[in-house]
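Here the structure is laid out as structure tokens; the discussion comes afterwards.
The chain is numbered in sequence order, starting from 1.
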Amino acid sequence: MVGHPGDRVRADGPARGLTITASSLVETTPPDELPAALPWPDVTARTADSRLLEFAHPTPRTTVPPKLLKKARKAAGLDPHGAATAVSALVAERGTYLPGVTTVNTSAAEAWEQGAGVCQDLAHLTLGLPRGLGLPTRYVSGYLHPEREAEPHRPVAGQSHARVEYWAGDWYGYDPTNRTRADESHVVVGRAATTTTSPRTRASTGAWRAARRR
């Protein structure tokens, strides 16, 4: 088997399979202190006629039940940071993390009806609520490091993970599954309006080395 950077892999003889081992260095940093959020009128004005509109309206995958949206609108009296946290709490109060009860095609409304799902479902539910308040929100796919105090160079099992980012003058990450701000444990692979438009990677990974943190 012969390969060169930028070239196709060439097999010199019969082959029954192909194993590719990739290594990446990931550097993450702790989040800064939250600055004051833009007032709601400014968020609305900045969103109008801009690329933020893509992330400001519900999609078929992220549309939530009307009763849930009505509850979420009570958070409109908070600033955008507080509203994003409050609506995420609504999802966490009902949505139990339970693998195997949903599929990649499950909608936010279906996940809410079941009251359970995985991080993708909780992210979709959370997407629909801030958007219902007029707060642009996007889906983030990536990884979650399983150990906050991991030792460098010690292999650990990697965990694919979905979360959200909302726009309040800048993009701010929030993890509705763990009810926390995104921090140095969260690694970004792609961002999009929903999971159906988010880049995905499919690979078999034996271990993921601890991210080097600043």
State whether the side chain of [X] and the backbone N or O of [Y] hold a donor-acceptor pair below 3.5 Å, judged by distance alone.
{"X": "Thr44", "Y": "Trp40", "result": "yes"}
{"X": "His81", "Y": "Pro35", "result": "yes"}
{"X": "Arg131", "Y": "Thr137", "result": "yes"}
{"X": "Glu110", "Y": "Ser107", "result": "yes"}
{"X": "Gln114", "Y": "Val101", "result": "yes"}

From [atom1] ([X]) to [atom2] ([Y]), nearest 0.5 Å:
{"X": "Leu90", "Y": "Thr85", "atom1": "CG", "atom2": "OG1", "result": "11.5 Å"}
{"X": "Gln120", "Y": "Asn105", "atom1": "CD", "atom2": "CG", "result": "8.5 Å"}
{"X": "Thr47", "Y": "Leu52", "atom1": "OG1", "atom2": "CG", "result": "5.0 Å"}
{"X": "Trp171", "Y": "Arg191", "atom1": "CH2", "atom2": "CZ", "result": "9.0 Å"}
{"X": "Leu68", "Y": "Leu129", "atom1": "CG", "atom2": "CG", "result": "4.5 Å"}
{"X": "Leu38", "Y": "Asp170", "atom1": "CG", "atom2": "CG", "result": "9.5 Å"}

Determine whether [X] and [Y] make a side-chain contact, defined as any pair of heavy atoms from C-beta on separated by less than 4.5 Å.
{"X": "Val164", "Y": "Val140", "value": "no"}
{"X": "Lys71", "Y": "Val87", "value": "no"}
{"X": "Arg163", "Y": "Cys119", "value": "no"}
{"X": "Trp167", "Y": "Ser50", "value": "no"}
{"X": "His161", "Y": "Val187", "value": "no"}
{"X": "His124", "Y": "Tyr139", "value": "yes"}
{"X": "Leu98", "Y": "Val118", "value": "no"}
{"X": "Pro80", "Y": "Val43", "value": "yes"}

If the threshold is 4.0 Å, N to carboxylate O, is there a salt bridge linking Arg138 and Glu54? no
For Trp112, does the six-membered ring have the charged nitrogen or CZ of Arg94 within the cation-pi criterion, i.e. under 6.0 angstrom from the centroid and within 45° of the normal? yes
[X] and [Y]: which non-hydrogen atoms are nearest, and at how many Å?
{"X": "Leu127", "Y": "Ala193", "result": "CD1-O, 3.5 Å"}
{"X": "Pro146", "Y": "Gln159", "result": "CB-NE2, 3.6 Å"}
{"X": "Arg179", "Y": "Ala92", "result": "CD-CB, 3.4 Å"}
{"X": "Ala182", "Y": "Pro31", "result": "O-CG, 3.6 Å"}
{"X": "Ala108", "Y": "Thr63", "result": "CB-O, 3.9 Å"}
{"X": "Ala168", "Y": "Tyr172", "result": "O-CE1, 3.9 Å"}

Only one of Thr126, Thr180, Asp175 passes side chain to side chain contact (heavy atoms under 4.5 Å, CB included) with Ser88; say which it is. Thr126
Between Glu147 and Arg154, does a side chain to side chain contact (heavy atoms under 4.5 Å, CB included) hold up when you go through it step by step? CA-CA 11 Å; Glu147 298 180 17; Arg154 181 174 62 83; 2.4 Å; yes
Same cluster for Leu78 and Leu133 if Ile/Leu/Val/Met/Phe/Trp/Tyr side chains link at under 4.5 Å? no
Step by step, would you call Thr102 with Asp121 a side chain to side chain donor-acceptor pair (under 3.5 Å)? CA-CA 8 Å; Thr102 58; Asp121 303 302; 2.6 Å; yes
